[in-house]
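Below: the structure, in structure tokens.
Since the structure is predicted, the reported quantities are computational estimates derived from the model, not experimental observations.
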Amino acid sequence: MTTHAWGTQPEMFGPRHEHRLAMILAEVAKLPPNARLLDGAVGLGQLAGRMQQLGYRVIGIDYAFPAVVGDMTRMPFRDRAFDGVTTGETLEHLDDDASAAREIGRVLAAGGSCIATVPALRSLWSASDDYYEHRRRYSRRQLSSMFESAGFAIAKASFWGFPIVLAYDTFFLLPMNKRRARKSVNEDAALRSVARVGKSRAVVNVARAIFSIDRLFGFIPFGPGLLMVARKRGA
């Protein structure tokens with residue numbers, strides 16, 4: 001059963017979302033100019049739009065939002081069609097994530113990059129994961145092995161979000177998600193207020209500045225998220 005209407009969550013616009021997009025975009029900016037990129041799943045299109053603004057040629061795929069309609073495990077693209085693939089907070093929703101990894105490898109040219117973010121560590125599973133309809137959270141070894149088996153070399157697989165984002169998830173998002181599991185945003189004045197605040201650029205920018213403190217703890221192999229950059233092997 002769907003627990004929320006797609007795109008209604010404040011985190012689709014709020015500081016955590018923006019913080020994660022900035023990490024992905026920093027990796028995208030290392031790709032060759034004018035590279036052809038696939039964003040799967042494109043969702044509300046924020047990442048795809050910003051990659052276009054950077055000068056990249058971008059196509060999005062999604063099964064639930066206007067884009068090229070398709071399944072990440074059976075994508076309607078020819079082999080080696082793209083120079084890069086981004087996939088943010090998508091693999092954890094798929095029943096067959098290994099098939100998606102193989103499909104990403106199929107549509108990437110040799111040497112092309114996959115930039116992915118996923119929720120990390122089964123030990124951090126909470127009611128938020130149930131609310132988001134996650135199938136899993138990943139260990140670094142689990143995510144890396146899946147892409148290595150799909151023909152990739154792992155350039156980076158880094159935890160992010162400890163301790164500040166983890167505290168945000170625990171003390172703000174988790175209680176909010178428990179509340180939203182019982183009521184829709186439209187039925188709850190407090191949730192509507194949170195949604196409005198989540199769209200405030202000033203609030204988002206302040207929170208993102210606070211989240212940046214987590215970089216000081218990047219050497220610790222722990223956090224609520226994983227950022228992976230993997231390159232397709234081959235000549």
Quick check against the 3.5 Å criterion: does [X] have a side-chain atom that pairs as donor or acceptor with the backbone of [Y]?
X: Thr87; Y: Gly40; answer: yes
X: Arg233; Y: Phe152; answer: yes
X: Ser212; Y: Ile210; answer: no
X: Asp83; Y: Gly112; answer: no
X: Arg140; Y: Ala120; answer: no
X: Tyr168; Y: Phe211; answer: no
X: Glu92; Y: Arg135; answer: no
X: Asp214; Y: Ile164; answer: yes

**Study point:** Donor on one side chain, acceptor on other, Arg141 and Ser144, under 3.5 Å
**Key:**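 The answer is no; no qualifying pair exists.
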
Exercise for review: Assess the side chains of Asn177 and Tyr132: does a donor N or O sit below 3.5 Å from an acceptor N or O?
Suggested key: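 Yes, a side-chain donor-acceptor pair sits under 3.5 Å.
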
Point to revise | CA sep, side-chain torsions, deciding dist, call: Met228, Val118, side-chain contact (heavy atoms from CB on, under 4.5 Å) | key: CA-CA 8 Å; Met228 183 199 71; Val118 295; over 6 Å; no

Review point. Near Arg20 CZ, under 6.0 Å, is it more than 12 heavy atoms from other residues, nucleotides or ligands?
Key: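 Counting other residues, nucleotides and ligands, CZ of Arg20 exceeds 12 neighbours.
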
Point to revise | Electrostatic pair Asp188-Arg182, nearest N-O below 4.0 angstrom | key: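 Answer for the salt bridge query: no.
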
Point to revise | Pairing of Asp79 and Arg106 as salt bridge, 4.0 angstrom limit | key: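 Judged by the 4.0 Å cut-off on N to carboxylate O distance, Asp79 and Arg106 do form a salt bridge.
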
Practice item. For the pair Leu54 and Arg50, evaluate side-chain contact (heavy atoms from CB on, under 4.5 Å) and give the outcome as yes or no after the intermediate values. Key: CA-CA 6 Å; Leu54 292 174; Arg50 293 178 201 185; 5.9 Å; no

Under 4.5 Å between side-chain heavy atoms, counting indirect links through other Ile/Leu/Val/Met/Phe/Trp/Tyr residues: same cluster for [X] and [Y] or not?
X: Leu174; Y: Val165; answer: no
X: Trp125; Y: Leu121; answer: no
X: Val203; Y: Phe171; answer: no

Review point. Given Arg136 and Asp97, is the salt bridge (charged side-chain N to carboxylate O under 4.0 Å, His left out) satisfied, shown in steps?
Key: CA-CA 10 Å; Arg136 65 193 70 80; Asp97 55 343; 3.6 Å; yes

Exercise for review: Start with the C-alpha gap between Leu226 and Arg137, add the side-chain angles, then the distance that decides, and say whether side-chain contact (heavy atoms from CB on, under 4.5 Å) holds.
Suggested key: CA-CA 10 Å; Leu226 275 166; Arg137 299 180 73 96; over 6 Å; no

**Study point:** Ser99 side chain near Arg102 side chain, heavy-atom distance below 4.5 Å
**Key:**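 Yes; the side chains approach each other to less than 4.5 Å.
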
Exercise for review: Please test Leu31 against Ser113 for side-chain contact (heavy atoms from CB on, under 4.5 Å), starting from the C-alpha separation and ending with a verdict.
Suggested key: CA-CA 8 Å; Leu31 300 178; Ser113 295; 3.7 Å; yes

